[in-house]
Amino acid sequence: MSMTSAAIRQAFLDFFASKDHSVVASSSLIPGNDATLLFTNAGMVQFKDVFLGQDQRNYQRAVSAQRCVRAGGKHNDLENVGYTARHHTFFEMLGNFSFGDYFKQDAIRYAWEFLTEVVNLPKSKLLVTVYATDDEAYAIWLNDIGVPADRIIRIGDNKGAPYASDNFWAMGDTGPCGPCTEIFFDHGDHIWGGPPGSAEEDGDRFIEIWNIVFMQFNRLASGEMLPLPKPSVDTGMGLERIAAILQHVHSNYETDTFVALIKAAAAVTGAKDLTDKSLRVVADHIRSCAFLIVDGVTPSNEGRGYVLRRIIRRAVRHGNKLGANGAFFYTLVAALVSQMGDAYPELVAKQAIIEKTLRLEEEQFGKTLERGLQILDEELAALTSSEIPGDVVFKLYDTYGFPVDLTNDVARERNLTIDQAGFDAAMAQQRKRAQQASNFGTDYNQQLVSSQQTTFTGYTEHFGNAEVLEILKQGQHVQQIDAGDTALIILNTSPFYAESGGQVGDTGTLTLNDGTVFHVQDTVKVVKAFAHQGQATGVIRVGTKVQAEIDLVRRNAIRKNHSATHLLHAALRQVLGEHVTQKGSLVGPERLRFDFSHFEAVKPNELQVIEQLVNEQIQLNTALETRLMPIDAAREAGAMALFGEKYDDEVRVLSMGAFSIELCGGTHVDRTGDIGLFKIVAEGGIASCVRRIEAVTAKGAVHYVQQVEAQAAHAASLLKGDMFSLAERVQHTLDRSKGLEKEIDQLKAKLASMAGASLTDNVQRIGEVQVLVQQLEQTDAKALRTLLDELKNKLANAVILLATVNDDKVSLIAGVSANLTDKVHAGQLVGWAANQLGGKGGGRPDMAQAGGTDAAALPNVLSEAFDYIKARL
């Protein structure tokens, strides 16, 4: 009897819980405080700091079902997804972990027991690999587990360098690493392929299902391998792969979850063939898109948002290929919630926001396709050969999301081809840039590290005595610094807040008994220590006693802005909806900045209500309450977690009455009334579906109001009124200005009409066709269009090219009678002329406009235009 994917997931968690493993919830797809990864791509990511020794948990054994995305940066197989049996953008990684507790023997034993006794895989169907020199693991498999020697394969350095092996895992070029052992399932000799290490290993007969990594060493940049003080275990088993095996199918897309999603996709697209590869693409992509949106990613043109946008657009293109009309992709969210909502309740909670995000992006993509067709027309108009350049095809694909196959279709209709090799080269360059931007080359041993821990006293104190534990100068640990030196000083205890959670670090002074002062310009975290960055006026040594004192005026201003940020967040959710989540923030002494998810600009009346709500809470003068509690209890209490933050098992919960409850480690006012006044100064979009509000408080808010009043008073005086009649005076001035502009346009139209009457005297003939090529003086681009329409009405069977120069910029317009467009294309004519004038342009066969910057070349271009037209007639 086969097991469902949900049953397999639960059986795995239950099995390791019975082996004293703490069940840890899946972390966000956005790696917490980790700039080296685009997305969470393995189960160990949330434990990376534990493996590095930079974090400690209250457990030494853990088990998780981690949601993962591999669709950007180093791990990017997007174009393969849907076309192979096991490539996905989103997958679930089942993993068990030991942090210095059990090692090889237990890790191997647990894996074998789960596979052969819990899910009952036949032992005869399993074979294993070990790193070539890992005799210990080999012996455990052979002697303790009883796997026959002919089913244990040693894999050496098969990638051209030491430790470059399929069976040697590394966190990066440097850092924790070690040998691994992998478990493979044999699908049978009726499927082509050989065992790992053989020439046919890329076949589908033997499939890796479980990888057990033994973190044994720390690799230095020099290549030296140092033993780790606490060897650990990191394992991973893809849920989709093991589900395929247990459900007796060969492809992951034939498992229960995918079958349900494929059927749903077929229903909304009208597809009849359930084996169509496009259905697989859509089914895979709805999972990654939905979970990325759940974790705070929104479509945009950069970073994670750009990857999400590409995945959505790829799904939509495949849906259109299947026959979908209009927006369809968002309707699949319900089917996904039905399949995975029990395991991931956040899908249920955010179903509406996922659907709305996808629907808006689909609709935007429809408009983008229209724009892409326009751009393609303009590029084709300026084409001087029968091949569309690869960089043009790439720009349409990359900038406008225009499918390459659609560009090919348009080209074919016009007897053109595309430069496929040039496009492929541009794509290869983009992949290279994406990998370089993903920061996978980080040397973990070169990051600033400290074994010290600073006790933070700044919640209740602004000064205190402390001892210098460490000094870092230019990244190196030193015993002392001299006058004028810039360094980082780590104290045993400190009232200075280290930059975190959007709040900037404190500034102030560290003063020695001899009068030497270390001027602190910033405070940052180095693992669990607080590093005070600044400059010394004299000698400071490790072990020196200092008096640490923060800039209290600056700190108080920061506290007011930070507390106001929490009130703003709560007010936004109350006014705009529960879909609002924080996307980033910056809390400084002068102002606050808050980024949040929302689909459109916040309306002026909504901003007014939000501002009023915050000020009402300030006037209530509510006392702030802080409590330490387990993370799960905090979430159950309704506390909001902040985007991108990584929290300990015990968290600090900050409450402002019932209005705002958030997890926060920052510094705050004692009562909301301390904020004084809150004033929004700006609201705008910074990415698709991401808005930003900037605001000021207290003295900053008063100063802002005074500035606005002064500006309004000055504007009112210029219009001979007062502030209260300012809007009326401005409207009167605008109405008068519009009237004058209308009169000017009418006069220009009359002048153009008069010019048109005289222009007919300059018409030349080519057979029966009337040709007019003319430069006009003191005529703007708008008047050119009016003049062209009049000339086309007067001149039958005509080709017209008009030009004018304003501020050294050339404006061109071309018109061709409908019966002549098969010979002379207006878009191509104006594109030819613009190309020689340092510009671009194009348009319809009967009318097109363009511009250029080389006004000096215009006379020659116009003199050659007659010959250009004649050659085509």
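Note: hydrogens, waters and symmetry copies are ignored here, and every other heavy atom, side chains too, is used.
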J.: Can you find a pair of side-chain heavy atoms, one from Leu239 and one from Phe91, that are under 4.5 Å apart?
T.: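 Sidechains of Phe91 and Leu239: no contact.
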
J.: With sequence neighbours left out, what residues match Arg205 under side chain to side chain contact (heavy atoms under 4.5 Å, CB included)?
T.: Asp186, Asp189, Ile191

J.: Can you name the residues that form a side chain to side chain contact (heavy atoms under 4.5 Å, CB included) with Ala425, not counting sequence neighbours?
T.: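 Result, side chain to side chain contact (heavy atoms under 4.5 Å, CB included) vs Ala425: none returned.
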
J.: Which is it for Leu29 and Val297 under the side-chain contact (heavy atoms from CB on, under 4.5 Å) test, yes or no, and what are the steps along the way?
T.: CA-CA 9 Å; Leu29 287 169; Val297 182; over 6 Å; no

J.: When the side chains of residues 142-154 are checked against the rest of the protein, which donor-acceptor pairs come out under 3.5 Å, sequence neighbours left out?
T.:
unit_1: Asn143; atom_1: ND2; unit_2: Ala139; atom_2: O; d: 3.4
unit_1: Asp144; atom_1: OD2; unit_2: Gln105; atom_2: NE2; d: 2.5
unit_1: Arg151; atom_1: NE; unit_2: Leu126; atom_2: O; d: 2.9
unit_1: Arg151; atom_1: NH2; unit_2: Ser124; atom_2: O; d: 2.9
unit_1: Arg151; atom_1: NH2; unit_2: Leu126; atom_2: O; d: 3.3
unit_1: Arg154; atom_1: NH1; unit_2: Ala132; atom_2: O; d: 2.6
unit_1: Arg154; atom_1: NH1; unit_2: Asp135; atom_2: OD1; d: 2.9
unit_1: Arg154; atom_1: NH2; unit_2: Asp135; atom_2: OD1; d: 3.2

J.: Within the distance-only criterion (no hydrogens, no angle test), does the side chain of Arg241 pair as donor or acceptor with the backbone N or O of Glu208 below 3.5 angstrom?
T.: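 Such a contact is found between Arg241 side chain and Glu208 backbone.
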
J.: Looking at residues at least two apart in the chain, or sitting in another chain, which of them share a side chain to side chain contact (heavy atoms under 4.5 Å, CB included) with Phe217?
T.: Phe168, Cys177, Pro179, Met225

J.: Who are the ring pair (Phe, Tyr, Trp, His ring centres under 6.0 Å) partners of Phe214, not counting sequence neighbours?
T.: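 Result, ring pair (Phe, Tyr, Trp, His ring centres under 6.0 Å) vs Phe214: Phe103.
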
J.: Should Asp295 and Arg67 count as an ion pair when the cut-off is N to O under 4.0 Å?
T.: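 Looking at Arg67 together with Asp295, the answer is yes, because their closest N to O distance falls below 4.0 Å.
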
J.: Suppose we screen for side chain to side chain contact (heavy atoms under 4.5 Å, CB included). Which residues come up paired with Ser198, at least two apart in sequence or across chains?
T.: Pro195, Glu200, Glu201

J.: Does a side-chain heavy-atom distance below 4.5 Å link Val348 with Asp342?
T.: no

J.: Do His285 and Val81 have side-chain heavy atoms sitting under 4.5 Å apart?
T.: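 Answer yes - side chains close enough.
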
J.: Tell me the ring-ring contact (aromatic ring centres under 6.0 Å, His included) pairs involving residues 309-337, sequence neighbours left out?
T.: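 For residues 309-337, and leaving out neighbouring residues, there are no ring-ring contact (aromatic ring centres under 6.0 Å, His included) pairs at all.
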
J.: Name every donor-acceptor pair, under 3.5 Å, that has one atom in a side chain of residues 11-19 and the other anywhere in the protein, sequence neighbours excluded.
T.:
unit_1: Asp14; atom_1: OD1; unit_2: Gln10; atom_2: NE2; d: 2.9
unit_1: Ser18; atom_1: OG; unit_2: Phe15; atom_2: O; d: 2.4
unit_1: Lys19; atom_1: NZ; unit_2: Glu113; atom_2: OE1; d: 3.4
unit_1: Lys19; atom_1: NZ; unit_2: Glu113; atom_2: OE2; d: 3.3

J.: Is there a side-chain contact between Gln247 and Ser5 in this structure, where contact means two heavy atoms from C-beta onward sitting under 4.5 Å apart?
T.: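 With C-beta onward as the side chain, the pair touches.
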
J.: Is it true that atom CG of Asn325 has more than 12 heavy atoms of other residues, nucleotides or ligands lying nearer than 6.0 Å?
T.: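 No, the 6.0 Å shell around CG holds no more than 12 heavy atoms from other groups.
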
J.: Filter on salt bridge (Lys or Arg N to Asp or Glu O under 4.0 Å), then keep only pairs touching residues 90-111, sequence neighbours left out; what's left?
T.: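 Counting only pairs at least two positions apart or across chains, the salt bridge (Lys or Arg N to Asp or Glu O under 4.0 Å) contacts touching residues 90-111 are Arg9-Glu92, Arg61-Asp101, Lys104-Asp134, Lys104-Glu136, Asp106-Arg109.
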
J.: Can you sort out the partners of Phe47 under ring pair (Phe, Tyr, Trp, His ring centres under 6.0 Å), two or more places apart, ordered by chain and number?
T.: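 Phe97, Phe99.
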
J.: Apply ring pair (Phe, Tyr, Trp, His ring centres under 6.0 Å) to Phe291 and list each qualifying residue two or more places apart in sequence or on a separate chain.
T.: Phe90, Tyr344

J.: So Arg314 and Val281, do their side chains get closer than 4.5 Å, heavy atoms only?
T.: yes

J.: Cut-off 3.5 Å, side chains only: do Asp20 and Tyr102 have a donor facing an acceptor?
T.: no

J.: Specify whether His187 and His250 have parallel, tilted or perpendicular ring planes, treating 30° as the upper limit for parallel and 60° as the lower limit for perpendicular.
T.: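 Perpendicular.
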
J.: With sequence neighbours left out, what residues match Trp112 under ring pair (Phe, Tyr, Trp, His ring centres under 6.0 Å)?
T.: Trp141

